[in-house]
Amino acid sequence: FYINTQGVDGSEGRWQRADYLHRAEDIESGLRILRQRDIVDTNRIALFGHGEGAYIAQIVSSKKQNNITAILNLAAPTFDYRTKVLNAYHGEYVCTGKDSTAAYSKAERQTKSSLGWVNTFPVIKKWRHGKVNKDFNPAEYIGNLTIPSLFVFAENDEEIYSDWAMEALEELFSGDIPDYFYFEEISGANHSFREGDKCFIGDITTLPFSNQFKAVVRDWVRTHL
């Protein structure tokens with residue numbers, strides 16, 4: 001059951017003006033609709049979120065009243081919005097040929113500049129999106145998860161680095177990550193879990209999805225649902 005982002009494919013609203021908490025309310029509305037269908041086992045509903053969509057899945061899954069059985073975090077940031085932007089810029093600059101240290105310095109400057117502009121002149125959709133989410137931190141919601149939680153990262157993901165994500169979780173849980181958190185890294189896959197290089201340029205739909213990724217998700221769902 002896929003719930004569209006506001007303003008996409010005919011949906012009402014404007015995605016760039018809705019923060020993650022507002023979008024989480026949309027998911028909760030969708031769950032109420034889903035639970036009205038007789039074919040649905042309401043005690044076996046899992047959520048998945050890809051990229052920043054995982055932020056939203058984490059918010060909804062962290063609330064016990066939503067009765068979510070499991071959560072799949074795919075290429076998910078476990079750090080705050082600012083670090084997510086920094087990570088994306090760093091990957092971009094590495095792909096232009098800069099070494100990691102130089103890319104990090106430039107990414108820090110670009111992140112500071114970008115988040116400054118979104119406050120002062122949020123004149124384009126991407127900047128308005130940044131303005132409403134710039135202070136978001138998922139730590140509270142991840143820390144409140146008490147259900148089986150799968151985190152799947154991609155080896156060639158230029159937007160979300162698995163080591164940054166794991167460091168954030170280690171810090172959040174003081175090195176004692178819950179045993180109901182599960183982790184997988186997909187070899188040779190990019191941010192979309194397709195088989196491709198980190199700096200692939202072209203039509204991503206021409207790349208096949210990773211078979212390892214499909215098997216990991218399938219087997220985990222079968223085990224935990």
Side-chain angles (χ1 to χ4, degrees), residues 1-37 40-85 87-88 115 118-119 122 125-153 159-160 164-165 168-169 171-173 177-178 180-182 191-193 217 220-221 224-225:
F1 183 63
Y2 183 82
I3 301 172
N4 247 342
T5 302
Q6 293 186 17
V8 175
D9 292 336
S11 298
E12 296 179 352
R14 300 179 181 181
W15 63 266
Q16 67 272 19
R17 298 184 184 275
D19 62 21
Y20 297 129
L21 296 178
H22 190 180
R23 291 171 64 182
E25 293 176 359
D26 291 343
I27 303 303
E28 291 171 341
S29 296
L31 288 171
R32 287 192 288 272
I33 295 172
L34 185 64
R35 289 193 166 103
Q36 293 173 5
R37 298 180 65 87
V40 174
D41 183 344
T42 58
N43 293 314
R44 296 174 63 204
I45 294 177
L47 288 184
F48 80 90
H50 178 264
E52 68 176 29
Y55 280 156
I56 303 164
Q58 291 158 5
I59 294 170
V60 176
S61 298
S62 70
K63 300 178 183 179
K64 290 182 173 58
Q65 64 267 29
N66 286 328
N67 191 29
I68 301 302
T69 301
I71 177 175
L72 291 79
N73 304 269
L74 309 179
T78 59
F79 32 69
D80 60 33
Y81 183 82
R82 183 188 184 281
T83 305
K84 185 184 81 69
V85 174
N87 193 160
L115 295 184
V118 302
N119 282 328
K125 292 180 179 180
K126 183 177 180 179
W127 291 357
R128 287 196 290 270
H129 173 70
K131 183 175 182 178
V132 298
N133 291 302
K134 64 182 180 60
D135 296 321
F136 181 78
N137 191 327
E140 171 188 352
Y141 309 103
I142 296 176
N144 286 333
L145 290 174
T146 57
I147 57 177
S149 306
L150 175 63
F151 292 81
V152 185
F153 302 107
E159 296 184 38
I160 304 295
W164 288 23
L169 290 174
E171 181 177 352
L172 173 60
F173 293 105
I177 296 176
Y180 48 82
F181 279 28
Y182 303 83
H191 182 69
S192 298
F193 294 103
V217 172
W220 192 86
V221 167
H224 294 281
L225 291 177

Q) Do the rings of Tyr182 and Trp220 sit parallel, tilted or perpendicular, given the 30° and 60° boundaries? A) perpendicular
**Q.** Nearest heavy atoms of Gln58 and Ala76, plus distance in Å
**A.** NE2-CB, 4.3 Å
Q. What is the ring orientation for Phe153 with Phe151, classed by angle as parallel under 30°, tilted 30 to 60°, or perpendicular over 60°?
A. parallel
Q.
Nearest 0.5 Å, please: how far is CG in Leu145 from NZ in Lys64?
A. 9.0 Å
Q: Check whether any side-chain heavy atom of Val217 lies under 4.5 Å from a side-chain heavy atom of Phe193, and answer yes or no.
A: no
(Q) Between Tyr55 and Tyr81, is the ring-ring contact (aromatic ring centres under 6.0 Å, His included) condition met? List the steps. (A) CA-CA 10 Å; Tyr55 280 156; Tyr81 183 82; 7.4 Å; no
**Q.** Polar side-chain atom of Asn66 near backbone of Ile68 as donor-acceptor pair, under 3.5 Å
**A.** no
Q: Start with the C-alpha gap between Asp26 and Ser29, add the side-chain angles, then the distance that decides, and say whether side-chain hydrogen bond (donor to acceptor under 3.5 Å, both in side chains) holds.
A: CA-CA 5 Å; Asp26 291 343; Ser29 296; 5.4 Å; no
Q. With a 4.5 Å heavy-atom cut-off, do Asn67 and Arg35 have their side chains touching?
A. yes
**Q.** Plane angle bin for Tyr20 and Phe136 - parallel if under 30°, tilted between 30 and 60°, otherwise perpendicular
**A.** perpendicular
Q | Leu72 and Val152, any side-chain heavy atoms less than 4.5 Å apart | A | no
**Q.** Ile160 versus Ala75, closest heavy-atom pair with distance
**A.** CG1-O, 3.4 Å
**Q.** Heavy-atom pair of closest approach, residues Ala168 and Thr78
**A.** CB-OG1, 3.4 Å
Q) Atom CD of Glu140 and atom CG of Leu172: how far apart are they, to the nearest 0.5 Å? A) 11.0 Å
Q | Within-4.5 Å side-chain heavy-atom neighbours: Leu31 and Val60 | A | yes
Q | Gap separating the CG atom of Leu74 from the OG atom of Ser192, nearest 0.5 angstrom | A | 11.0 Å
Q | Pairwise distance CG(Leu150) to CG(Asn73) - rounded to 0.5 angstrom | A | 7.5 Å
Q. Is the shortest heavy-atom distance from the side chain of Thr69 to the side chain of Ile147 under 4.5 Å?
A. no
**Q.** side-chain contact (heavy atoms from CB on, under 4.5 Å) evaluation trace for Ile142 with Phe173
**A.** CA-CA 10 Å; Ile142 296 176; Phe173 293 105; 4.1 Å; yes
(Q) According to side chain to side chain donor-acceptor pair (under 3.5 Å), who are the partners of Asp41, at least two apart in sequence or on a separate chain? (A) none
Q | Enclosure of Glu171 CD (heavy-atom neighbours >12, cutoff 6.0 Å) | A | no
Q) Can we say Glu52 and Arg23 salt-bridge, meaning some charged N sits less than 4.0 Å from an Asp/Glu carboxylate O? A) yes
Q: Calculate, to the nearest 0.5 Å, the distance between atoms CD1 and CD1 belonging to Ile71 and Ile45 respectively.
A: 14.0 Å
Q | SB check Lys84 Glu159 (cutoff 4.0 Å) | A | no
Q: Tell me, please, which residues at least two apart from Glu25 pass salt bridge (charged side-chain N to carboxylate O under 4.0 Å, His left out).
A: none
(Q) Measuring from atom CD1 of Ile56 to atom CG of Asp19, what distance do you get when rounded to the nearest 0.5 angstrom? (A) 9.5 Å
Q) If we only count heavy atoms from C-beta on, is the Asn87 to Phe79 side-chain gap below 4.5 Å? A) yes
**Q.** Any residue meeting ring-ring contact (aromatic ring centres under 6.0 Å, His included) with Phe48, in chain and number order, not counting sequence neighbours
**A.** none
